[in-house]
Amino acid sequence: MYRKTVTAFLTFMLVASCGGLTGDRALVQGAGDELLKLRSGPGLGFNVILGLPDGTSLNRGDCVTEVGQLWCRVSLTQAPQIAGYVSADYLSAR
């Protein structure tokens with residue numbers, strides 16, 4: 001019983017963190033002195049749209065895994081028409 005409860009809880013947390021819940025707010029965190037690259041698609045092979053400094057407020061959408069890396073579709077909170085993908089490693093809950 002305990003194992004099923006823990007498994008269900010962890011599955012829910014994984015899905016709720018990034019999968020399918022549109023409109024979640026997130027902040028860029030951990031980019032340090034570098035800028036987090038907002039890309040046109042989910043992966044390093046896509047063009048860079050712009051760089052985002054730590055603290056940038058984002059609207060987070062669906063996430064996908066590409067080559068073992070989780071990428072989330074985001075748009076800028078202050079300019080929602082600017083959208084793309086960023087690595088989920090650099091997003092924190094607001």
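Keep in mind that the numbers below use all heavy atoms, side chains included, and drop hydrogens, waters and symmetry copies. Small disclaimer: the values here were computed from a predicted structure and weren't measured.
Test Asn59, Leu36, Leu38 against Val74 for side-chain contact (heavy atoms from CB on, under 4.5 Å) and you get one pass: Leu38.
Applying the side-chain hydrogen bond (donor to acceptor under 3.5 Å, both in side chains) test to Gln29 and every residue at least two apart in sequence or in another chain returns Ser92. Residues passing the side-chain hydrogen bond (donor to acceptor under 3.5 Å, both in side chains) test with Ser87 are Gln69, sequence neighbours excluded.
Here the side chain of Ser57 pairs no donor or acceptor atom with the backbone of Leu27 at under 3.5 angstrom. Side-chain atoms of Asp24 never come within 3.5 Å of backbone atoms of Arg60 as a donor-acceptor pair (strictly under, hydrogens ignored). Judged by distance alone, with hydrogens and angles left aside, the side-chain atoms of Thr77 form a donor-acceptor pair with the main-chain N or O of Leu58 at under 3.5 Å.
Contact between Cys72 and Leu91 at its shortest, heavy atoms only, is CB-CD1, 4.0 Å. The nearest pair of heavy atoms linking Ser75 to Pro80 is CB-O, 3.4 Å. A pairwise comparison of heavy atoms in Val64 and Pro42 identifies CG2-CB, 3.6 Å as the closest pair.
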What verdict does the side chain to side chain contact (heavy atoms under 4.5 Å, CB included) test give for Trp71 and Leu44, after you've listed the backbone C-alpha separation in whole Å, the side-chain angles of each residue and the deciding distance to 0.1 Å?
CA-CA 10 Å; Trp71 294 85; Leu44 296 176; 4.0 Å; yes
Evaluate side chain to side chain contact (heavy atoms under 4.5 Å, CB included) for Leu35 paired with Leu52, printing each intermediate quantity in order.
CA-CA 5 Å; Leu35 297 175; Leu52 306 170; 5.9 Å; no
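No side-chain heavy atom of Tyr90 sits less than 4.5 Å from a side-chain heavy atom of Thr56.
For the residue pair Asn47 / Arg39, no side-chain donor-acceptor distance below 3.5 Å is found, with atom types taken as modelled.
Taken together through direct or relayed side-chain contacts under 4.5 Å among Ile, Leu, Val, Met, Phe, Trp and Tyr, Leu50 and Val86 form part of one hydrophobic cluster. Cluster membership for Val28 and Ile82, using ILVMFWY side-chain heavy atoms within less than 4.5 angstrom, is shared.
Separating the NZ atom in Lys37 from the CD1 atom in Ile49 is a distance of 13.5 Å, to the nearest 0.5 Å.
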